[in-house]
Amino acid sequence: MILNTFDVNHNQQQVCILGSTGSIGVSTLDVIRQNPQFSVFALTAGKNDTLMLAQCIEFKPDFAVMHDEQSAGRLKSALHSHNSETKVFSSTSAMCDLVKAHEVDIVMSAIVGAAGLLPTLAAVEAGKKVLLANKESLVMSGQLFIDKVKKHGATLLPIDSEHNAIFQCLPRKMQKSGHNGNLLEQGISKILLTGSGGPFLKRDVNTLSSVTVDEAVAHPNWSMGRKISVDSATMMNKGLEFIEAKWLFNASVDDIEVVIHPQSIIHSMVQYRDGSVLAQMGNPDMRTPIAHALAYPSRIDSGVKPLDFTSVADFSFTAPDLSRYPNLKLAMDACRLGQAATTVINAANEVAVSAFLSNKVGFTDIYKINAQVLNKMPSAQAITLDDILDVDKNARIYAFEIINKEFA
Ligand code: NAD
Ligand code: MG
């Protein structure tokens, strides 16, 4: 794809948003709306051309890319009738081309699932400032992803609220050396990864098999896309975040501890060898980590209401009950097993969650499918990108086979 140079105010930072029509994408645009030092160079999305049209009309990006060809066609003709100059493309490779454009300063990686891997890696390979919401891409490619960050001098900033919180609680030296850093040398004894426990923290475990989709996606504190909402209910989300933390902070599995904090006010903590614990707090609203990462190391407005301590209920903390959340244990086991296992668990979980969301399997079947796929495939090699894509594909095939055989 040939990129034209448009009239650009060079004081502005140009942003490309992968997944602009999703929960994180919409929040990112809201932060940009309040901060004119950022402008939108390109927006990309899956199928929602209606919302993409509205975003293009408001933010006037140079480019818009849909994954789906029909949606791109509809978007193109609608934009034409609005006399918009935004150019429209479709396909993942168009997304990969766009993030590499020299005009792009910042890439927000907010596609859901493995579909985000290639465009995110393209942004890393182009040495961009990459804001990582798409945890699945790091979980599935781990070492390869981090090696590329180092090799191409990309700046990787975490958007996941927990990892953004941890990042904020690290010494500046560790923030800079991040994925190369040494927690012990920085005096850090533990990363405390908090999680709310989701909507079923107190529900009778014996009734979990009858959980409906509506119940599973109704998170008590956060408003998010459907896949991550289900992951939060099973706590697979915390498992994926455990793996994500390992890579982002060069941590070993023993450096990370999951703590249940149902109020979601503390977003995670870092414990130091002298007994100090630094926590990052705020109202649960993703615009805070997005604003933090967009402007880092400066601070900008996010639109999030300041935390009112006088109206905050008690803070409570417990250890996770792994019999209630077997997916969390599975992901932590996969993290110990190594790269192929984490690629497998991510792929199996995407298939299982999608089957749950379309009412093909029950809520507790998500774990059964994930565990079976992981048990069958932990020993494959996952070093190169081809290996990883292969392991991902085979895990999906096996997950589909299980669903068709056992749940059809
Ligand atoms: P979402 O479902 O609301 O949005 C997903 C976005 O990806 C949409 O724009 C969709 O069109 C796009 N998309 C889907 N399939 C695509 C494909 N094949 N090609 C291109 N684009 C595609 O999801 P979300 O809640 O915004 O989450 C996005 C990512 O951020 C996930 O990886 C999630 O784990 C992570 N995250 C989200 C939150 C949150 O609060 N929502 C918090 C932390 C991390
Ligand atoms: Mg999170």
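Scope of the values below: all heavy atoms of this structure, side chains included, with no hydrogens, waters or symmetry mates. Counting convention: from 1, in listed order, for ligands and their atoms alike. Here, residue 1 is the first one in the sequence, and each next residue gets the next number.
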Test side chain to side chain contact (heavy atoms under 4.5 Å, CB included) applied to F63 and T86, step by step: CA-CA 5 Å; F63 296 95; T86 299; 5.5 Å; no

Hey, do the aromatic rings of Y367 and Y325 have their centres closer than 6.0 Å? no

Measure the distance from atom 6 (C) of ligand 1 to every protein heavy atom, then report the residue, atom name and distance (to 0.1 Å) of the closest one. A110 O, 3.6 Å

So which protein heavy atom does atom 36 (N) of ligand 1 come closest to, and at what separation? I228 CD1, 3.6 Å

V112 contact mode with ligand 1 (heavy-atom cut-off under 4.0 Å): both

Below 3.5 angstrom, do we get any N/O pair linking M95 and ligand 1? no

For atom 19 (N) of ligand 1, which candidate among R287, R226, H67 holds the nearest heavy atom? H67

Shortest protein heavy-atom distance from atom 25 (O) of ligand 1, along with the residue and atom involved: G225 N, 2.8 Å

Are T44 and ligand 1 in contact, using a heavy-atom cut-off of under 4.0 Å? no

Mark up the atoms of ligand 1 that fall under 4.0 Å of a heavy atom belonging to T21, in ascending order. 8 (C), 9 (O), 10 (C), 11 (O)

Would you please indicate yes or no on a ring centroid separation below 6.0 angstrom for F249 and F167? no

Quick check on contacts: which atoms of ligand 1 are under 4.0 angstrom from a heavy atom of E136? 31 (C), 32 (O), 34 (O)

Ignoring hydrogens, what is the shortest heavy-atom contact between C169 and Q280? Give both atom names and the distance. SG-N, 3.6 Å

Strictly distance-based, threshold 3.5 Å: is any side-chain N or O of Q34 a donor or acceptor partner for the main-chain N or O of G303? yes

Set out, in order, the CA-CA distance, both residues' side-chain angles and the distance that settles side chain to side chain contact (heavy atoms under 4.5 Å, CB included) for M95 and I111, then state yes or no. CA-CA 11 Å; M95 295 179 200; I111 292 175; 4.1 Å; yes

Starting from atom 42 (C) of ligand 1, find the nearest protein heavy-atom neighbour and note its residue, name and distance. M286 CE, 3.6 Å

Against heavy atoms of I24, which atoms of ligand 1 measure under 4.0 Å? 26 (O), 30 (O), 37 (C), 38 (C), 39 (C), 40 (O), 41 (N), 42 (C)

Just to check, does G25 reach to within less than 4.0 Å of ligand 1 when the distance is taken from its heavy atoms? no

Indicate yes or no: does an N/O atom of D160 lie under 3.5 Å from an N/O atom of ligand 1? no

Between S209 and T364, does a side chain to side chain donor-acceptor pair (under 3.5 Å) hold up when you go through it step by step? CA-CA 5 Å; S209 57; T364 44; 4.7 Å; no

To the nearest 0.5 Å, tell me how far N370 CG sits from M236 CE. 4.5 Å

What is the closest protein heavy atom to atom 16 (C) of ligand 1, and at what distance does it sit? I111 CG2, 3.9 Å

Do N346 side-chain atoms and T342 backbone N/O form a donor-acceptor pair below 3.5 Å? no

For ligand 1, indicate whether the residue A133 contacts it via side chain, backbone, both or neither (heavy-atom separation under 4.0 Å). both

the protein heavy atom lying closest to atom 3 (O) of ligand 1 turns out to be S23 N, 2.9 Å

Atom 12 (C) of ligand 1 has as its nearest protein heavy atom G46 N, 3.8 Å

Could you tell me whether Y296 and H292 have their ring centroids closer than 6.0 angstrom? yes

Atom 18 (N) of ligand 1 sits nearest the protein heavy atom A115 CB, 3.4 Å

Considering only heavy atoms, does M224 approach ligand 1 within less than 4.0 Å through its side chain, its backbone, both, or neither? both

Please evaluate residues V130 and L157 with respect to the criterion side chain to side chain contact (heavy atoms under 4.5 Å, CB included), reporting the C-alpha separation (whole Å), side-chain torsions for both, the decisive distance (0.1 Å), and the verdict. CA-CA 6 Å; V130 179; L157 291 168; over 6 Å; no

Is the closest heavy atom of K227 to ligand 1 under 4.0 Å? no

Contact with ligand 1 for M66, non-hydrogen, under 4.0 angstrom: no

Using 0.5 Å steps for rounding, measure from the CD1 atom of I188 to the CD atom of Q271. 11.0 Å

